[in-house]
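Below you'll find the structure, written out as structure tokens, and then a few comments.
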Amino acid sequence: MTAQPHIDTHLKRADLERCAELCRIALPRATVEITPQHEVQLTVPAADVAAALAWLKYAEGLKFSQLMDVAGVDYLGFTPAQPARFAVVYHLLSVTQNLRVRVKTYVTEGQGVPSVVPLWPAANWYERETYDMYGIVFTGHPDLRRILTDYDFIGHPLRKDFPLNGFTEVYYDAAQQRVAYKPVDLPQEFRHFDKVSEWRGMTGNAHLAETDNEFKREEFQ
């Protein structure tokens, strides 16, 4: 079953088009579109993020005064390819106009994005989370350090090339009397892959590998 996207049917198309047109006029370097889900989306260069968000916050007739979220995206291996591997996405809300807008910018590895903490103090937490999970740097952030993982954590867990088992594991070091780190050491049985179906490996059940595995209700009664 395919999930259907949520569409805010109460929004008027005229209001969305007015918002998009104001953005096109004031932000000529931005790509502005109205998505099929009735959302106004702006794509701006990383260097213009702070200025674009400031304009959206204070512009008459818009007043996107609330920062709802800042999130990262990793497009590694995504087809079709994106302008850069990472993206930072901002979601804003205008209470007075009952409108939302999404602002997206693409960044490469190590490229900085201007912090918007001076505009919205709430961005402090969001930007630290995005830095922790994706390694995206926010220049000018007052205290950019990890917020969800440990200080000695290696890597960024939401990157697509981050291994599911991580790079290190924790254990209690009796000599140091504290929790310490060591490289991940998988037992032999977890590192051995014979590429044999799990069903084939079970005596007397090899035939199940070729079946559709459709079970009847009576089998569970």
Side-chain angles (χ1 to χ4, degrees), residues 5-75 82-148 156 158:
H6 171 74
I7 298 178
D8 289 324
T9 55
H10 70 282
L11 297 177
K12 297 180 180 179
R13 181 75 183 189
D15 293 338
L16 298 175
E17 292 177 349
R18 178 184 65 84
C19 174
E21 186 60 25
L22 289 174
C23 292
R24 291 189 184 100
I25 296 172
L27 306 170
R29 284 165 53 88
T31 301
V32 185
E33 60 180 322
I34 300 177
T35 70
Q37 290 76 35
H38 296 182
E39 299 169 335
V40 179
Q41 177 172 295
L42 285 70
T43 303
V44 302
D48 297 348
V49 164
L53 293 175
W55 180 82
L56 289 167
K57 179 177 181 178
Y58 298 113
E60 291 297 332
L62 294 178
K63 299 288 187 181
F64 287 98
S65 57
Q66 286 192 329
L67 174 69
M68 306 305 296
D69 188 28
V70 180
V73 184
D74 183 359
Y75 287 103
Q82 302 301 302
R85 174 178 173 178
F86 300 102
V88 181
V89 184
Y90 305 81
H91 292 96
L92 308 180
L93 169 66
S94 173
V95 178
T96 57
Q97 301 297 320
N98 188 28
L99 287 174
R100 296 177 184 268
V101 68
R102 178 189 301 117
V103 180
K104 178 186 289 188
T105 186
Y106 291 95
V107 293
T108 58
E109 177 76 40
Q111 180 182 358
V113 182
S115 173
V116 294
V117 171
L119 283 173
W120 291 284
N124 191 321
W125 199 100
Y126 295 135
E127 291 178 354
R128 285 182 61 185
E129 178 188 29
T130 304
Y131 164 72
D132 195 357
M133 296 292 103
Y134 294 93
I136 299 173
V137 177
F138 293 88
T139 58
H141 190 285
D143 186 23
L144 191 63
R145 53 194 171 91
R146 294 185 181 274
I147 194 170
L148 298 179
H156 304 281
L158 290 187

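Positions are given from 1 along the sequence. Every value quoted in this text rests on a predicted model; they were computed, and no experiment measured them.
A distance-only check finds a donor-acceptor pair linking the side chain of R128 to the backbone of R146 [under 3.5 Å]. Here the side chain of H156 pairs a donor or acceptor atom with the backbone of D132 at under 3.5 angstrom. Side-chain atoms of H141 come within 3.5 Å of backbone atoms of N124 as a donor-acceptor pair (strictly under, hydrogens ignored). Between the S115 side chain and the F138 main chain, no donor and acceptor come within less than 3.5 Å of each other. Put simply, the side chain of E127 gets close to the backbone of V116: a donor and an acceptor are under 3.5 Å apart. Side chain of K63 to backbone of T96: no donor-acceptor contact under 3.5 angstrom is found.
Of the charged side-chain nitrogens involved, at least one lies within less than 4.0 Å of a carboxylate oxygen, so that E21 and R24 count as a salt-bridged pair.
Residues R13 and I34 meet the side-chain proximity criterion, which asks for heavy atoms closer than 4.5 Å. No side-chain heavy atom of V107 sits under 4.5 Å from any side-chain heavy atom of Y134. Taking 4.5 Å as the limit, every side-chain heavy atom of L27 sits out of range of all side-chain heavy atoms of V32. Taking 4.5 Å as the limit, some side-chain heavy atom of L119 sits within range of a side-chain heavy atom of Y58. For the pair W55/D48, no side-chain contact is recorded, criterion being any heavy-atom separation below 4.5 Å from C-beta on.
We find the CG-OG1 distance between L42 and T105 to be 11.0 Å, quoted to the nearest 0.5 Å. Here Q41 contributes atom CD and H91 contributes atom NE2; the two are 8.0 Å apart, rounded to the nearest 0.5 Å. From R18, atom CZ reaches atom CD of Q97 across 5.0 Å, with rounding to the nearest 0.5 Å. The distance from the CZ atom of R100 to the CG atom of L93 is 5.0 Å, given to the nearest 0.5 Å.
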### Query
Should L22 and L62 be marked as a side-chain contact (heavy atoms from CB on, under 4.5 Å) after you check the CA-CA gap, both sets of side-chain angles, and the distance that decides it?
CA-CA 9 Å; L22 289 174; L62 294 178; 4.1 Å; yes

### Task
Step by step, work out the side-chain contact (heavy atoms from CB on, under 4.5 Å) result for I136 and V113.
CA-CA 8 Å; I136 299 173; V113 182; 4.2 Å; yes

### Check against side-chain contact (heavy atoms from CB on, under 4.5 Å), Y75 and Y106
CA-CA 10 Å; Y75 287 103; Y106 291 95; 3.7 Å; yes

May I have the list of side-chain donor-acceptor pairs in residues 64-74 shorter than 3.5 Å, sequence neighbours left out?
unit_1, atom_1, unit_2, atom_2, d
D74, OD1, L76, N, 3.0
D74, OD1, R85, NE, 2.9
D74, OD2, R85, NH2, 3.0
D74, OD2, K160, N, 2.8

